[in-house]
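Take a look at the structure below.
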Amino acid sequence: MIRIENVSKWYGQARVLAGCSTRIAEGEVVVVCGPSGSGKSTLIKTINGLEPFDEGTIVVNGVSVGAPGTDLPRLRARVGMVFQSFELFPHLTVRENLALAQVVVLGRSRDEAHARGREYLARVGLAGFADRLPAQLSGGQQQRVAIARALCMDPVCMLFDEPTSALDPEMVGEVLDVMVELAGEGMTMVCVTHEMGFARKVADRVIFMDQGAILDDCPSEEFFGNRAGRPERAQQFLARVLSH
Amino acid sequence: MDFSVIADNLSYFLLGAWPHGPLGGAALTLVLSISSALASGALGLVLGVALATTHGPAHQGLVLALGFFRAIPVLMLIFWTYFLLPIVFGFNVPGTGTVVVALSLIGGSYLAHSVYAGIASLPPGQWQAAAALGLRRADALRHVILPQALPIMLPSFLNQWIALIKDSSLAYVIGVGELSFVATQVSNREMVYPTEIFLFVALLYFIICSSLELGAGAIARRYGSAEKQT
Amino acid sequence: MLDQLLAPKYVGWLIDGFYVTLAVSALASAAATVLGLLLCLARLAPTRWLAWPALAWLSLFRNTPLLVQLFFWYFGLAALMPQGLLEWLNTPHHWHLAFFGVRWPPFEYVAGFTGLTLFTAAFIAEEFRAGVRGVPPGQAVAARALGLRPWQVWRYVVIPQAFRIALPPLLGQYMNAVKNSSLTMAIGLAELSYASRQVETETFKTFQAFGIATLLYIGTVAVIELAGQWVQRRRPALGAVR
């Protein structure tokens with residue numbers, strides 16, 4: 001489904017991605033973790049071409065992301081993304097947020113888009129909220145709408161960029177519940193997150209990054225079960241995040 | 001285009017009839033602008049602090065009075081001061097003075113709001129911390145609040161002063177011999193080169209205003225505050 | 001007491017002047033909004049072939065007095081025009097379009113409208129630009145992530161939000177247009193300030209002439225202010241999204 005080969009990226013002199021390679025199969029749930037500044041957000045954004053990269057190859061669903069002729073908007077329409085800061089469009093109601101890209105990108109009729117929107121809004125437990133504005137929702141509700149917005153596009157895979165980091169602690173659970181359910185339905189997911197409980201419970205694989213490089217890439221049972229077999233940086237990271 | 005008309009009248013554009021007569025042209029524009037910049041700055045500071053420290057009817061009255069000056073065209077205010085100042089003071093006020101009064105009132109009313117906004121933008125904890133140290137309100141204002149608020153306000157002061165320079169051209173309507181007035185005089189006398197004359201005069205204003213604008217931009221970047229437009 | 005009032009004839013002059021003020025400032029505001037949006041987009045264009053000329057244009061029109069600009073359009077442009085065109089512009093023309101008789105206005109109207117529009121547009125462009133900068137960059141990223149094309153990102157996500165952010169300062173610019181329209185009296189446009197000065201010269205009733213004109217200006221500015229507050233109240237604030 002997603003193939004990342006030897007991807008590197010520089011900001012001037014600073015190397016933010018250092019020869020990253022991995023493959024993500026259809027239906028797989030992969031958690032990317034690592035200390036802040038390790039390049040995990042940058043890596044996930046290269047998958048749908050929001051971050052250009054300088055070297056290497058990324059192929060998503062048979063489409064080469066970095067190739068010059070690639071129609072990136074068309075690719076992005078099939079790759080759902082959820083952001084740390086939600087990024088709902090504040091000038092549009094929830095209903096319009098869900099419908100916008102369906103109508104202007106996929107060319108669906110308004111009725112069809114609204115029907116699809118209603119369906120996914122119910123799936124994330126917010127059936128009665130269609131006419132609210134984003135500012136009238138809590139953070140957890142906004143993030144669930146953002147997930148529904150991405151799902152409305154019938155994505156072949158979903159990218160989550162720290163979806164719970166901006167949330168108050170009591171709202172983290174409702175968003176993770178939606179993600180767990182989605183994983184259970186067989187959605188291909190790449191999640192940058194610090195939620196190790198979620199990773200242990202749902203992820204098939206864990207990727208650990210530091211200083212732009214992938215240091216560890218293994219099944220989650222291995223990652224959490226065999227602590228001694230992990231690279232030193234990953235052990236330190238796990239000790240820090242699991243001690244809380 | 002024939003710019004010899006500019007060269008022939010250069011001294012008149014820049015200085016008016018001076019030194020054989022009254023100062024005029026670009027020099028008078030600068031005199032008008034600098035006097036009203038100083039007066040409007042002082043007025044804006046005093047009124048802005050008044051806005052920040054008054055409550056209830058006094059505050060409402062002040063807002064209303066400032067609103068009045070911001071709602072009328074500069075031109076109308078120049079008419080009013082031209083007409084009213086001699087009545088108030090009992091003697092003839094020179095046109096230059098009339099214009100400075102009008103521009104200072106308008107500029108001061110705008111600046112009062114910038115000063116007020118600058119003071120209000122500071123976290124209330126700053127007032128409380130000063131009070132907790134035993135400072136009186138006036139001392140808190142002078143030593144704690146204004147030193148923090150003034151850098152925030154500086155770009156709006158500079159922008160307001162740019163507006164003043166441009167508005168000083170309205171002195172034309174009561175016959176004060178500043179740059180715009182001189183330009184129309186020369187244009188009427190020469191008859192044939194209005195394009196060249198007004199382009200040149202626009203250029204002079206542009207040099208003065210844009211150098212101030214560059215300064216405002218540099219200061220805004222330095223203090224990281226958004227530039228405020230009037 | 002009664003002889004303190006202005007004769008109806010002079011009140012009529014002021015009302016006529018007021019209509020001209022309203023018409024010129026409304027037309028100039030509308031044209032300046034369109035032009036301002038275009039200038040703002042050019043200023044923000046990724047290519048410097050658009051951005052730099054736009055920057056120069058904005059800087060030039062913002063940093064010279066409106067009065068000098070009006071003189072330039074009225075005297076300066078007229079001197080550049082071929083003789084025939086100027087004569088044509090200065091003579092009355094009538095057209096009949098469907099049911100409306102269209103009259104080509106005298107040259108001072110054309111020059112006044114042009115000057116006020118170009119001056120106001122330069123300020124409106126900067127208000128729009130501030131509005132665009134007020135839209136968090138993540139919004140455009142999210143729109144791109146949904147597959148929107150660059151023009152769709154602008155059309156559906158950035159411009160609508162920028163417009164809302166820019167609305168209060170935009171109304172401020174419309175108020176400025178009303179006030180600035182008074183400067184067109186210097187090129188002989190018979191608007192409100194011109195009329196008040198004329199009435200004052202004829203009647204010596206300075207208080208009444210300037211007073212009525214002042215009240216009409218304040219009233220107009222107040223109406224724009226109230227309209228703005230009404231619009232702001234009617235639609236919910238965007239609020240803090242995060």
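Everything numeric here is computed off the predicted structure, so don't read it as measured data. Each chain gets a letter, A, B and so on, in the order the sequences are listed, and its residues count up from 1.
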Does either side chain, that of [X] or that of [Y], offer a donor lying less than 3.5 Å from an acceptor on the other one?
X      : Y      : answer
A:Q143 : A:T164 : no
C:S182 : C:Y217 : no
A:S21  : A:R3   : no

Between A:F83 and chain C, with a heavy-atom cut-off of 4.5 Å, which part of the residue counts as in contact: side chain, backbone, both or neither?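 A:F83 touches chain C through side-chain heavy atoms alone.
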
Is it the side chain or the backbone of A:L50 that comes within 4.5 Å of chain C heavy atoms, both, or neither?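 Both the backbone and the side chain of A:L50 come within 4.5 Å of chain C.
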
Ring-face cation of C:R149 near C:W151 (centre distance under 6.0 Å, axis angle within 45°):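 Verdict for C:W151: no cation-pi partner in C:R149.
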
Any side-chain hydrogen bond (donor to acceptor under 3.5 Å, both in side chains) involving residues 95-111 of chain A? Give me the pairs, sequence neighbours left out, ordered by first then second residue. A:T93-A:E96, A:R95-A:D131, A:N97-A:R149, A:Q102-A:R108, A:R108-A:D154

Anything in residues 59-79 of chain A with a heavy-atom distance to chain C below 4.5 Å? Please list those residues in order.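 Counting heavy atoms that sit under 4.5 Å from chain C, the residues of residues 59-79 of chain A involved are A:D71, A:P73, A:R74, A:R76, A:A77, A:V79.
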
Enumerate by number any residue of residues 28-44 of chain A whose heavy atoms lie under 4.5 Å from heavy atoms of chain C; in the absence of such residues, state 'none'. none

Test your reading of the model: is there a side-chain donor-acceptor pair from A:T193 to the backbone of A:E195, 3.5 Å cut-off?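 Side chain of A:T193 to backbone of A:E195, a donor-acceptor pair under 3.5 Å: yes, one is there.
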
Quick check: C:F113 with C:Y109 (ring centres under 6.0 Å apart)? no

Salt-bridge criterion met for C:R129 and C:E127 (N-O under 4.0 Å):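 No, no charged N to carboxylate O under 4.0 Å.
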
Could you pull out all residues at least two apart from C:F210 that satisfy ring-ring contact (aromatic ring centres under 6.0 Å, His included)?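 C:F210: ring-ring contact (aromatic ring centres under 6.0 Å, His included) contacts with B:F79, B:W80.
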
Mind checking whether C:Y74 and C:L70 have side chains closer than 4.5 Å, heavy atoms only?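 Heavy-atom side-chain distance check fails, nothing below 4.5 Å.
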
